[in-house]
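Encoded as structure tokens, the structure appears first; notes follow it.
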Amino acid sequence: MTIQVSTVSDVRTTNGKAGDRVAYLTELLSLRPPLDCPAAWLQEIRDRAAARVQELSIPSPKDEEWRFTDLSPLLQTHFQTAQPQLAAISSAEIAPFVLPGPAHRMVFVDGVFAPSLSTEPVISTSLIVGNLDAVQQSSLWDQLPNYLAEQRGADEVFTALNSASLRDGAIAWVSQNQTLETPIHLLFISTKAEQASVNHPRGLVIAEPNSHLTVIEEYVSLEQGVYFTNPVTEIWIETNAAVHHTRIQRDAKESFHIGKTAVSQARDSRYTCNAISYGAQLSRHHLEIYQIGEQTETTLNGLTLIAGEQVADTHSAIAFTKPCGTSRQIHKCIVDDHAHAVFNGKIFVPKPAQLTDAGQVSRTLLLSPKARVDTKPQLEITADNVKCAHGATVSQLESDEIFYLQSRGIDEETARRLLTYAFAYDVIREIPIPSLQDTLAQFVREHF
Amino acid sequence: MICDNSEIILSVQDLTAEVDGTQILKGLNLEVKAGEIHAIMGPNGSGKSTFSKVLAGHPDYTVTGGTVTFLGQNLLEMEPEDRARSGVFLAFQYPIEIPGVSNLDFLRVSYNSKRKHQGLDELDAFDFDELVQQKLDVVKMDPAFLSRSVNEGFSGGEKKRNEILQMALLEPKLSILDETDSGLDIDALKIVSNGVNQLTTPENAIILITHYQRLLNYIEPDYVHVMEGGRIVTTGGKELALELEERGYDWVREEEAVGAK
């Protein structure tokens with residue numbers, strides 16, 4: 001087991017020269033599909049982002065932000081633009097991913113909206129759920145330029161690549177004072193193509209003042225195969241609104257997933273994110289929260305479950321800017337075999353953010369001697385009257401715990417699985433949909 | 001209750017065991033027959049808890065010599081779960097918490113593993129629920145505890161009651177109660193002791209490991225053994241516990257030293 005390896009000696013020469021990294025990014029940019037919903041302002045977003053991408057290159061482990069996550073396996077794969085065969089996918093095929101209860105479901109296949117697999121778009125005065133094309137006929141359309149690609153952090157290379165490659169988007173909007181009981185389910189499906197393909201799903205969620213909504217965002221695949229999905233979801237939570245967000249990444253075992261969640265929270269708003277990652281050979285989740293108003297609450301529950309040769313990286317950042325904000329973050333990793341988990345949790349508390357109360361806990365369970373985690377809290381505090389606590393633990397299953405279960409007649413293997421599930425449970429239980437909890441419980445039973 | 005010709009449940013001979021290379025048990029002998037209650041007392045570090053863990057098969061303890069026969073079988077060759085299924089039960093001093101696993105599910109898995117071992121059909125959730133409701137009475141446990149996660153957020157007394165509930169369900173031939181009385185207030189102690197007494201039959205046997213004579217006011221032992229330096233050095237009746245309470249353990253050590261000469 002390796003913890004907090006801090007040398008840079010593992011930067012291999014195979015990482016490629018800087019020029020290769022620029023060329024590779026240019027190649028990815030050249031694959032961008034046209035807009036599915038042509039509009040001048042959307043094209044402007046694309047062009048602006050494309051110009052930004054051209055200033056950048058694929059990060060290497062020499063970049064501090066990518067020190068522990070080596071993108072070499074991505075660089076060795078060449079992709080083509082995804083060309084999904086929507087008609088070939090039946091609703092029976094996606095049935096395992098459909099939530100059992102009522103939901104507003106938007107399905108995207110390889111980044112392309114699939115109306116036949118989705119529920120009817122909703123365009124009303126209290127709720128809008130639809131892709132860009134559907135939203136075009138609503139009053140929201142004129143306001144969208146204030147939100148889409150307007151979150152901070154848009155200059156980051158993969159975020160910019162997503163914006164440059166924008167073809168459509170999943171839009172959810174709840175008007176003020178509305179409590180939406182039905183969850184919004186954003187289901188991003190990747191399919192297997194003859195050649196590895198790349199897609200850039202986009203989500204946009206807007207919760208108007210005093211509204212309340214639940215969003216389930218899932219990344220799944222219909223079959224095994226190599227692909228690269230590079231999603232970005234922006235969430236705007238206005239005054240005193242609440243968003244409960246569950247993001248589950250269970251992409252195909254050989255895939256690459258580099259995703260972004262960017263959230264802005266206005267005064268008195270509440271945001272909860274349950275971010276679960278267990279798919280992909282190499283995954284990274286950027287989770288960025290900007291508290292732009294006073295007395296804002298952020299709750300982040302993270303869970304990474306990896307085995308084999310998987311690499312899963314979570315980079316979170318909570319930026320406080322105003323007084324009396326609170327954040328509660330727990331990030332758990334379960335790492336088996338040769339897998340490698342990375343967690344970097346930034347918390348910024350600048351001078352104006354007095355009376356901030358921020359707590360961060362990172363807990364890792366290593367199930368094999370070759371499993372590795374690099375976990376790093378990163379608190380930057382300049383305000384002087386704040387409460388900020390962080391802690392990190394790395395552990396293995398305790399022999400006393402296994403023995404307790406064995407002494408009740410339970411065999412060792414079952415005991416290990418029960419305890420592994422127990423470790424994950426305080427994140428799993430925060431998921432508001434029981435069937436998704438069951439899916440995860442089953443995954444733990446079958447894989448650990 | 002002592003009955004000369006009853007079945008021998010446990011026979012321990014010259015048992016030696018170590019943990020992390022340190023010898024803890026140094027030639028322990030004990031015979032337990034059906035219907036008997038044995039109390040094992042002794043100062044800290046005398047090897048009481050080690051003995052209980054060796055009997056239940058904790059992997060951190062290595063047996064270096066001697067034999068342990070349980071109902072005619074070599075207990076030391078059995079995996080911990082097989083010992084449990086065959087009728088050895090250890091009530092833990094510090095029961096562990098298992099978030100996300102309901103107490104009811106845990107009890108059912110445990111109970112059914114024993115049924116399976118005995119070649120019986122597993123009980124379904126409905127039948128098991130009925131069974132467990134009857135057993136709750138043994139330790140006056142609120143049924144609400146069944147839907148909570150195993151031991152999570154339980155008080156010390158509730159955890160110990162949960163241990164006795166497990167004992168009630170598993171109906172072991174040999175129960176080893178490792179300091180089950182430690183840290184209990186008098187009300188909890190009465191409930192736990194009363195539970196144990198209800199589970200005592202002429203067919204099973206109990207080993208009580210305790211620091212305190214107080215427990216023996218509620219559960220009456222047939223034998224009291226004193227452990228010291230990894231062995232049983234003195235054995236007596238119930239009155240020995242009172243003497244220990246009054247005089248401490250030093251006199252036992254002295255007498256042993258004299259005896260050794």
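To find a chain, count down the sequence lines: A is the first, B the second, and so on, and within it residues start at 1.
Only the side chain of B:Leu170 comes within contact range of chain A, with heavy atoms under 4.5 Å apart. For a residue to count as touching a neighbouring chain, one of its non-hydrogen atoms must lie under 4.5 Å from one of that chain's; by this rule A:Ile410 touches chain B with backbone and side chain alike. For A:Arg408, the parts sitting under 4.5 Å from any heavy atom of chain B are the backbone and the side chain alike. Looking at B:Pro172, there are no atoms closer than 4.5 Å to chain A (heavy atoms on both sides), in backbone or side chain. Residue B:Tyr111 does not touch chain A at all, counting heavy-atom pairs closer than 4.5 Å. Within the 4.5 angstrom heavy-atom criterion, no atom of B:Glu97 approaches chain A. For A:Asp426, no part lies under 4.5 angstrom from a heavy atom of chain B.
For the residue pair B:Ser149 and A:Tyr425, the shortest heavy atom distance occurs at OG-CE2, 4.5 Å.
Taking CD of B:Gln166 as the reference point, atom OG of A:Ser407 lies at 8.0 Å (rounded to 0.5 Å). Atom CD of A:Gln406 sits about 11.5 Å away from atom OG of B:Ser113, to the nearest 0.5 Å.
Here A:Gly409 is the residue among A:Ala441, A:Ala415, A:Gly409, A:Ser399 with the most heavy-atom pairs under 4.5 Å with chain B. In terms of heavy-atom pairs under 4.5 Å with chain A, the best-connected choice from B:Ala84, B:Ser110, B:Pro99, B:Pro59 is B:Pro99.
Contact check for B:Phe106 versus A:Leu405: side-chain heavy atoms found under the 4.5 Å cut-off. By the 4.5 Å heavy-atom criterion applied to side chains, A:Leu419 and B:Ile96 are counted as neighbours. Using a 4.5 Å heavy-atom cutoff, the side chains of B:His58 and A:Ile402 are not in contact.
Atom CG of B:Asn74 is surrounded by more than 12 heavy atoms from other residues, nucleotides or ligands within 6.0 Å. Around the CG atom of B:Asp121, the shell of radius 6.0 Å holds no more than 12 heavy atoms that belong to other residues, nucleotides or ligands. Other residues, nucleotides and ligands contribute over 12 non-hydrogen atoms within 6.0 Å of the CD atom of A:Glu446.
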- Working for side chain to side chain contact (heavy atoms under 4.5 Å, CB included), residues A:Tyr404 and B:Asn151: CA-CA 12 Å; A:Tyr404 181 72; B:Asn151 292 328; 3.5 Å; yes
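Side-chain rings of B:Phe92 and A:Phe403 approach one another, their centers coming within less than 6.0 Å.
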